[in-house]
Amino acid sequence: MSTYAQLSDLERLLAEERSQFRTATGTSLEALDDARVEDIRLRFSGRNSPLQEWLKGLRALPPEERKGAGALINALKNDIESELEVFLVRYRAYAEDKRLAQESDDLTLPLPEVRFGSRHPVAVATRMLVEPLQRMGFQYIDGPEIESDFFNFEALNIPADHPAREMQDTFFLASAKGMEWVLRTQTSSVQAHALKERGVPLKIVCAGYTYRNEYDMTHIPTFRQIECLVVDKGVNLAHMRHTLSVFFSEVFGRPVKLRLRSSYFPFTEPSAEIDVECQQCHGAGCRSCKHTGWLELGGCGLVNRNVLLKCGVDPDVYGGFAFGMGIDRIAMSKFAVSDLRALYEGDVPFLKDFHLA
Ligand code: DAH
């Protein structure tokens with residue numbers, strides 16, 4: 001390493017050092033990479049840089065020259081340090097831009113899995129019910145939650161004075177445009193929408209919120225139902241029973257015993273309650289089936305002629321079957337929840353207990 005014996009030598013060395021520094025940091029950034037930049041930093045301001053050596057060399061100078069020489073070295077040292085700082089900032093910004101420009105986004109790659117929260121038990125139950133039906137060819141459709149009297153009652157063969165309206169404690173909304181509006185009391189209203197708007201043949205499933213004015217351990221004002229409708233030529237009870245039996249076997253993952261118990265619904269004739277063998281005790285009788293061996297899961301039947309007529313379908317040519325059930329009840333039995341209200345209180349510790357992905 002060059003050294004100096006007198007002030008004039010030092011001045012020459014410092015001038016040379018300054019010019020070398022300018023050359024090193026003045027080259028275009030494209031010619032540099034991280035390793036070269038680190039070399040520059042060490043070369044001009046590292047512990048073994050010439051400037052450090054020259055500072056040590058001050059001792060060899062006559063005392064009267066030392067002060068002036070020290071000031072010269074320190075001036076260059078300060079210049080280099082502050083210019084180096086600016087240079088490093090510029091280089092890092094350049095290197096980052098270059099990295100970002102080279103980084104190409106392949107939009108066809110699968111996203112990394114993002115997990116936050118967990119699925120709600122009712123959402124899981126809904127999917128568990130809808131998916132097998134979709135695999136069986138049912139088309140998923142949605143319907144409005146605010147319904148006209150026509151779709152919620154009238155089209156489903158529940159005229160204004162019909163006692164069946166009393167089965168369903170309805171939330172009425174203010175009438176508007178000369179019509180009565182309600183919060184739908186059943187997803188069966190979607191049957192009428194589908195028939196009128198899509199026509200026949202038809203094979204649909206719908207799931208969603210329904211509303212009734214009731215509140216206790218097993219009833220809440222906002223709950224969810226799933227609804228299915230098949231309309232085509234020559235549809236009969238055997239089709240319905242087979243569909244239900246395949247459906248419930250898919251839902252429970254094994255063949256299940258099914259019982260159709262004669263019942264009444266205005267929009268089906270004949271109508272039945274759907275009972276499925278209790279999945280806890282397999283028919284022996286236990287607490288969850290109230291010792292009957294059966295779970296009552298929903299209603300079904302052949303579509304009433306009047307429904308088809310009201311929706312513009314010729315009941316002498318077309319016929320169909322429908323079934324519907326409450327989703328919450330099924331979620332309760334699947335996840336062993338004893339108070340229905342817990343499913344809707346949004347209590348985080350309660351929901352965390354399920355660990356549902
Ligand atoms: N809508 C009925 C209820 O809320 C359930 C139901 C019964 C749906 C029979 C149907 C059916 O599609 O055919 O209680």
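In listed order, ligands and their atoms are each counted from 1.
- Atoms of ligand 1 found under 4.0 Å from any heavy atom of G301, numbered from 1 in the order shown, are 13 (O).
- Atoms of ligand 1 lying under 4.0 Å from at least one heavy atom of F323, given by number and element, are 10 (C), 12 (O), 13 (O).
- In this structure, the side chains of S188 and F267 come closer than 4.5 Å at one or more pairs of heavy atoms.
- The ligand atoms of ligand 1 that sit less than 4.0 angstrom from a heavy atom of Q186 are 1 (N), 2 (C), 4 (O).
- To the nearest 0.5 Å, the span separating CG on L351 from CG on L343 amounts to 8.0 Å.
- The line from OH of Y4 to CG of D9 is 10.0 Å long, rounded to the nearest 0.5 Å.
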**Q.** Test side-chain hydrogen bond (donor to acceptor under 3.5 Å, both in side chains) applied to R254 and Q279, step by step
**A.** CA-CA 10 Å; R254 66 170 95 92; Q279 295 302 296; 2.6 Å; yes

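- Of all the heavy atoms of R212, the ones lying under 4.0 Å from any atom of ligand 1 belong exclusively to the side chain.
- Residue T268 approaches ligand 1 through these ligand atoms, each under 4.0 Å from one of its heavy atoms: 13 (O).
- In summary, the atoms of ligand 1 found under 4.0 Å from a heavy atom of S188, numbered by their order in the structure, are 1 (N), 8 (C).
- Using a 4.0 angstrom heavy-atom cutoff, F321 does not count as in contact with ligand 1.
- Ligand 1 places these atoms under 4.0 Å from at least one heavy atom of G299: 7 (C), 9 (C), 10 (C), 11 (C).
- For residues 173-231, the pairs satisfying ring-ring contact (aromatic ring centres under 6.0 Å, His included) are F151-H193, with sequence neighbours left out.
- Atom CG of L173 has more than 12 neighbouring heavy atoms from other residues, nucleotides or ligands inside a 6.0 Å radius.
- Heavy-atom distances between M240 and ligand 1 stay at or above 4.0 Å for every pair.
- A 4.5 Å side-chain heavy-atom check between F87 and L29 finds at least one atom pair inside the cut-off.
- Here salt bridge (charged side-chain N to carboxylate O under 4.0 Å, His left out) pairs that include residues 77-87, with residues two or more places apart or in two chains, are R18-D79, R22-E83, K77-E81.
- Contact annotation: the side chain of L13 approaches that of W54 to within less than 4.5 Å [non-hydrogen atoms, C-beta and beyond].
- Per-residue contacts place F265 under 4.0 angstrom from the following atoms of ligand 1 (heavy atoms of the residue considered): 7 (C), 9 (C).
- Ligand 1 does not have G298 within reach: every non-hydrogen atom of the residue lies 4.0 Å or more from it.
- Heavy-atom distances between Q191 and ligand 1 reach below 4.0 Å in at least one pair.
- Close approach of ligand 1 to Q225 (heavy-atom distance below 4.0 Å) involves ligand atoms 3 (C), 4 (O).
- Remark: ligand 1 and A322 share an N or O pair separated by less than 3.5 Å (distance only, no angle test).
- Within 6.0 Å of CZ in R99 there are more than 12 heavy atoms belonging to other residues, nucleotides or ligands.
- Of the N or O atoms in T185, none lie within a sub-3.5 Å distance of an N or O in ligand 1.
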